[in-house]
Every structure is written in C-alpha cells, then in structure tokens.
Amino acid sequence: MTDDGGAVEEDGATDGRVGATDDSEHYEAVVVGCGPGGAAAAATLANNGVETLVLERGVDAGSKNVSGGLIYAEESAPYTIDGLFPGFREEATERPATENYIHNVAGDRVATFDISELHHHDTEWADSVLRRKMDSWLAERVHEMTRETGGGLLTEVRVTGLLRDGGEIVGVETAELDPITADLIVAADGVNSELARDAGLMDWEEPEEWYQGVKAVVDVEPDAINERFGVDDDEGVAHLFSGDLFDGVRGGGFLYTNRDSLSVGTVFHLDSIAAERAEPHELLDNLLTHPLMARWLGDDYREREYSAKLVPDSKKVALESPHEGRLLVVGDAAGQMQAQGPIIKGMNHAVTAGALAAEAFVDARSRGRPERAGQLYEEKLHGEGVMEKLRPSAYRNLGSLGEVEPLADWSDRLVESSLGRYAVRALGSGVLERLYSSPRLVSMIPDTRTPYVTLPTVIAEELGERVTDRNEVEPPELDDRIGELTYDVGDPHIELVDNSYAASGTAVTACPVSAEDFGGGCYRDERVKTNGHEEHVVSLDTQPCVECGTCAVVAETDWEHPDGGKGVEFREG
C-alpha cells in the first residue's frame, strides 16, 4: 500500500506536523512494522488523535512475516485484536481451533491426549491465521485510521536505525526517505529488530534464548479438511507432536487447519538444533512422513509455501524494561513470546503490548510529560500481568532448576528406568492428560530433553497404540522449496565475518535453506586448497535467504534486513 490520501505529500510536507525541523519530517508518533503489535499501537494512537506514521518494510504488510500460527484472545488481557479491529475474525482469520490434541510418539506408536482444557484456559477464542492475509487486512484498517490523524502507512520503507541528537533518540533513519523525527517511536519490527539492537536492548548472542520455527502451508480443499478432521466449515483442530520423531532435538511439531490449507511445522530450541547439527527441513519431513499424518494429508500432497522464523524464548529474553528514551519496543522485538508448555502464544501479547505502549504515550502526554511514556509502558506491562505470563515466577523459582545439567541427566534416566515406566503405567492416560492440561505445571517446564523427547517417548512406548496407516507423502526437495519462494536480488544483507568452518559451520546445518552436500542454499561448506594447505571454510549466497536470522545467532555474521521491499516475499506467511 502507498499513501494515496495526503498523509505524506509529494514535496515531503506533512499535514498537522508537530515540531517539524528544516531537515526532517516530524510526527507525534512513528510506528515501525505493521504486524499485530504495530497495528495495535497505531490503532490505539489514532483512536486517541495522535498523529501517527506507520512504516512497513515489506511490499505489503505480512509479506515478511511468518507465524505458526494461532492468534489468541485472552480473557485476562486488557486488549484483544478483535476489540481494536471490529470484524477481524470474520475477515482476517482462518478457522477457530475448537479441538486440541497432543500426540506422544515413539516410532509408529502414538499416545494422544486431549489438551483442550489447557488451550481454553484464559482463552476467549483462538483462530488459525496466515500472516499475509491477516496483516494486509490490518494494514488497510491502520491506513484508514492513521490518515485521519495526518499520518498514514507507507510500505517498502526500511528503517535502518535510530536518529539521535546529542545522544538522545529523536527519530528514525530509513533507506528510502529522509530522517523522520517523532515524540514517540514504537519498534514493532519483529524478532530481527534492528531498532532494539541499535538501542542496546536486544542481542543475538545466545542460541539457548531462541526457538526456530519452520513451516509448510499445504494445499487441501475445504471439504477434504472437514471430512478428514471431522469438523464443519466454522470449526478447526490444533494438533501438536512430541517424542522421538525429531532425532532427539528439543521441540515439537504442529498442524493447524486453515480454510483451504493446513499449516504443518516444527519449533525447536535453537541451541538443540545447533548442538545436534540437525537440518530443519529434514526434521519437518520427519513429521510430514510419519504414518499418523496420512489420515490428514491424504495421498495428493501439494505444498504451497515453505517458510521459517526465529521465536524468542520470553522466559529468558522478554525485556523487563522495553524502552529507551522515546523508543518503546513491542512484540517479538521485545522478546514477548510466551511458551506455555507445548503451546506458544505471541501475537496476542504483541497486540496487548502495542496497545499499552500507545496508551502509555497518551497518558504521559495528557500529563504534560511525554518523556515518561516508556516508564508508564513498563508499569502497565507489569500491572496488567503481561510480564508474569512472559516470565512466569513458577519457572524462575522451580522450573529452571531442572536445567542444571546433573539434574537434567538424572531426570532423563529416571523417566527411562523401570521405575519411571512403572509410574507412567500407574498414572495412566487419564492422569497424564490432566497433568498435561495444568496451566501451572506447564508454566514451569524446564527446557531439557525430558519434557520434549524422553517423557513423550516413554509415554508412547508404554501407553501408545500402533498406527498402521501408510503415509504416501513425498515432501519436496529443498531446492524445489526454495525455488517456490520469491526473491529480489540486491545488495547482500549478510556479511560473513569469519568464514572458517569452526566459527560459522553451524550455519550450514541450522539454516532452513541450507544443508550439508547441498550447494543451492544460503550457506555451504567448502575445502579450499592454497599453496598445499587446505582450509575448511563456509561460503555464503544470500539469494535464497528466508530472513529468519538463524545465522546471526549460530555463526559469525553481521545481519541486517534487505532494503524496502527487497528480499523474500511470503504469499502465505
């Protein structure tokens, strides 16, 4: 979308500008990114008459975004997306998740638990979504609302960093426009936020602070979905998977029903992917080809899109003080992604945070002290209970103890022992299902092999039933998946700082579009002979990059977004 209503005039002047200088445009508020968090912030600002400019780097809102994905509306949340945008569920979502199951897998044995009680805890509703469709719909509404304030929405504008005056943050710099100053800057620029890094609020140093998600959108006719899942047009199902089908990597899989497609994917702890030298596309294929999936995928497998993204582990990285000067950070950029046991919630927290950031600015401005917006935003996040969800005290006080290495090893051995197996049989499916559905229990799950791999495997071995379906699915090869993505070749947005295999070799296996013995991806390993000496090095070709940012965490690289609308463009997201 480009501005067609005069929010930004051709000569660069703005309507109703406040405090403009000779050198830069000035708005009361600039929102960077038009995903759920940015849209919520912009809508709340516009509803309060704040002149708001929204900058989106994609050719269309959602073209750079990926989610699992279910979006939740929590009963305890002060803001929900349908509250801010009437008609949202009717126009922008796929199907409500009315049934919820987790499958514990060991080989071809599966023990299934109904976890609808956990799913529905504090949940007003939860719908499956595809980000291109959802974000584009939100962007249309945001553009209409912010135009009324003298602002608007501009796409294909990449914000490259913060504009400072004497060390104070006063605005943003972009690749396409002159610098823009603002009284408030909301960074809703996603998990790879360049603004959060510029402000020193977030880094990409530790793989254990991140998850990596990989997803395939699979084409299935609506009638086939209804028949295979036993639902009506206005119903949907969420399936989760854990156990031994992911080669020991800590994490799991998911399947969500959309209107005329399925979202099938995996989410793993990034440090586990790196340690196991696992290849994400193969882990996804392990799920797609399991016999259990045959009943839902059918014999005619058609993959619409392959995508990937990083997900912050909020227990470790959610910012306690997500602000610096005039900059307020929301959503993925602030690490606001809640892992509630096997369920991951992010978009709802981004919505709440975006609206609270805007509310804080409006409150601070009304008191004549707009500079206090950041502190008020932090207080609202704590006061509304958002931070307790993101960083649960039960995990801090108890769950994290389970990650101490000797205790983690002992836990695995105990579960796999005769005593552990006896306990699983004694508890039985009924009790275990209730334990899986306990919000308090799942909030303190340690990030170890025990809950993701060991325990589900033992449960399936002791209580599971053999699946005899024959799975005929043949997932596309990696080069075919990459070939279906849309690129715009430009200047490389990744610099390989250290190309030695020792420093950056993990990128070859952890990158979702690279693999050992595959030469068509982002990264490949090579042996270079010079003067009789052989070096094991890593080479980079960013053309097939899906912009997940994995290599920025597991390898020695400098990573930034491609300018404007360049780079990968997701049609589904």
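Ion pair Lys316/Glu209 not flagged as a salt bridge, since none of the NZ, NE, NH1 or NH2 atoms sits closer than 4.0 Å to an Asp/Glu carboxylate oxygen. Contact check on Asp189 versus Arg57 returns no salt bridge, with no Lys/Arg side-chain nitrogen under 4.0 Å from an Asp/Glu carboxylate oxygen. Taking a cutoff of 4.0 Å between a charged side-chain nitrogen and a carboxylate oxygen, Glu320 and Arg391 qualify as a salt bridge. With salt bridges taken as basic N to acidic carboxylate O contacts below 4.0 Å, none links Arg372 and Asp363. With respect to Arg466 and Asp108, a salt bridge is recorded, a charged nitrogen being found less than 4.0 Å from a carboxylate O. Under 4.0 Å is where a charged nitrogen must lie from a carboxylate oxygen, and between Asp135 and Lys64 no such pair does. No salt bridge links Asp247 with Arg277; every basic N to acidic carboxylate O contact stays at or beyond 4.0 Å. A salt bridge links Glu74 to Lys389: at least one charged side-chain nitrogen sits closer than 4.0 Å to a carboxylate oxygen. Ion pairing between Arg250 and Asp447 fails under the 4.0 Å rule for side-chain N and carboxylate O. Here Glu461 does not pair with Arg109 in a salt bridge; the nearest charged N to carboxylate O distance is not below 4.0 Å.
Nearest heavy-atom pair across Ala106 and Thr457 is CB-O, 3.5 Å. Minimum interatomic distance between Ala350 and Gly331 (heavy atoms only, all atoms of both residues): CB-CA, 3.7 Å. Residues Val66 and Lys309 come closest through the heavy atom pair O-CD, 3.1 Å. The two residues Gly265 and Leu287 have their closest heavy-atom pair at O-CD2, 3.5 Å. Residues Gly402 and Thr448 share a closest heavy-atom pair of O-CG2, 3.4 Å. Listed here is the closest heavy atom pair of Val330 and Ala188: CG2-CB, 3.6 Å.
Side-chain contact between Cys511 and Thr550: absent, with no pair of heavy atoms (C-beta onward) separated by less than 4.5 Å. Under the 4.5 Å side-chain criterion, counting only non-hydrogen atoms from C-beta, Leu496 is in contact with Tyr523. At least one side-chain heavy atom of Met134 sits less than 4.5 Å from a side-chain heavy atom of Met347. In this structure, Ile343 and Leu118 have side chains that are in contact, with non-hydrogen atoms separated by less than 4.5 Å. At a threshold of 4.5 Å between non-hydrogen side-chain atoms, the residues Leu292 and His103 count as touching. The shortest side-chain heavy-atom distance between Pro456 and Tyr436 falls under the 4.5 Å cut-off. Trp210 is listed as a side-chain neighbour of Val191, based on a closest heavy-atom distance under 4.5 Å. Looking only at side-chain heavy atoms (C-beta outward), Leu401 and Leu398 come within less than 4.5 Å of each other.
In terms of the ring pair (Phe, Tyr, Trp, His ring centres under 6.0 Å) criterion, residue partners of His536 (sequence neighbours excluded) are, by chain and number, Tyr501. Residues that satisfy the ring pair (Phe, Tyr, Trp, His ring centres under 6.0 Å) test with Phe570, not counting sequence neighbours, are absent from this structure. With sequence neighbours left out, the salt bridge (charged side-chain N to carboxylate O under 4.0 Å, His left out) criterion links Asp412 to Arg449.
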For Lys380 and Glu359, what are the C-alpha separation, side-chain angles and deciding distance, and is it a salt bridge (Lys or Arg N to Asp or Glu O under 4.0 Å)?
CA-CA 9 Å; Lys380 289 174 184 289; Glu359 184 185 281; 2.7 Å; yes
Apply side-chain contact (heavy atoms from CB on, under 4.5 Å) to Glu403 and Tyr395, showing your working.
CA-CA 11 Å; Glu403 296 170 19; Tyr395 171 79; 2.6 Å; yes
side-chain contact (heavy atoms from CB on, under 4.5 Å) between His239 and Thr257, intermediate numbers included
CA-CA 9 Å; His239 291 282; Thr257 51; over 6 Å; no
Apply the test ring pair (Phe, Tyr, Trp, His ring centres under 6.0 Å) to residues Phe113 and Tyr101: give CA-CA distance (whole Å), side-chain angles for both, the deciding distance (0.1 Å), then the verdict.
CA-CA 6 Å; Phe113 297 154; Tyr101 303 95; over 10 Å; no
May I have the step-by-step check of side-chain contact (heavy atoms from CB on, under 4.5 Å) for Ser242 and Val105, ending in yes or no?
CA-CA 6 Å; Ser242 60; Val105 180; over 6 Å; no
One pair to check against side-chain hydrogen bond (donor to acceptor under 3.5 Å, both in side chains): Ser76 and Asp122. What are the steps and the verdict?
CA-CA 6 Å; Ser76 62; Asp122 193 27; 2.6 Å; yes
Take Tyr72 and His119 through the ring pair (Phe, Tyr, Trp, His ring centres under 6.0 Å) test and state the conclusion after the steps.
CA-CA 10 Å; Tyr72 288 79; His119 174 84; 5.3 Å; yes
Before giving the answer on side-chain contact (heavy atoms from CB on, under 4.5 Å), spell out for Val458 and Arg421 the whole-Å C-alpha distance, their side-chain angles and the decisive distance to 0.1 Å.
CA-CA 7 Å; Val458 169; Arg421 291 177 181 276; 3.9 Å; yes
Chi angles and distances behind the salt bridge (Lys or Arg N to Asp or Glu O under 4.0 Å) call for Asp82, Arg89:
CA-CA 7 Å; Asp82 58 327; Arg89 297 187 70 193; 5.7 Å; no
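The backbone N or O of Asn100 lies less than 3.5 Å from a partner atom in the side chain of Ser116, making a donor-acceptor pair. Although no hydrogens or angles enter the test, the distance criterion places a donor-acceptor pair under 3.5 Å between the side chain of Ser514 and the main chain of Cys522. A distance-only check finds a donor-acceptor pair linking the side chain of Glu547 to the backbone of Val568 [under 3.5 Å]. Of the possible donor and acceptor atoms, one in the side chain of Glu305 sits under 3.5 Å from a partner among the backbone N and O of Gly573. With Thr352 contributing its side chain and Asn348 its backbone, the two residues share a donor-acceptor pair below 3.5 Å.
Using the six-membered ring where Trp is involved, Trp125 and Phe88 have ring planes that are tilted, between 30° and 60° apart. Ring geometry for Phe254 versus Tyr256: interplanar angle under 30°, hence parallel rather than tilted (30 to 60°). Note: Tyr452 and His269 have perpendicular aromatic rings, judged against thresholds of 30 and 60 degrees for the angle between ring planes.
In this structure, CD1 on Ile273 lies 10.5 Å from CD on Glu276, to the nearest 0.5 angstrom. Going from atom CG of Leu240 over to atom OG1 of Thr112 covers 11.0 Å, rounded to the nearest 0.5 Å.
Looking only at atom types and distance, the side chain of Ser263 has a donor-acceptor partner in the side chain of Asn258 under 3.5 Å away. For the residue pair Ser393 / Glu388, a side-chain donor-acceptor distance below 3.5 Å is found, with atom types taken as modelled. For the residue pair Glu379/Tyr377, the side-chain donor-acceptor check at 3.5 Å is not satisfied. Checking His561 against His493 by side-chain atom types alone, no donor-acceptor pair falls below 3.5 Å. Asp498 and Ser504 share no side-chain donor-acceptor pair at under 3.5 Å.
For Asn397, the CG atom is densely surrounded, since the number of other residues' heavy atoms within 6.0 Å is greater than 12. Annotation for Glu516: atom CD counts as buried by contact number, over 12 foreign heavy atoms lying within 6.0 Å.
Lys345 pairs with exactly one of Gln340, Gln336, Gln338 by the side-chain hydrogen bond (donor to acceptor under 3.5 Å, both in side chains) rule, that one being Gln340.
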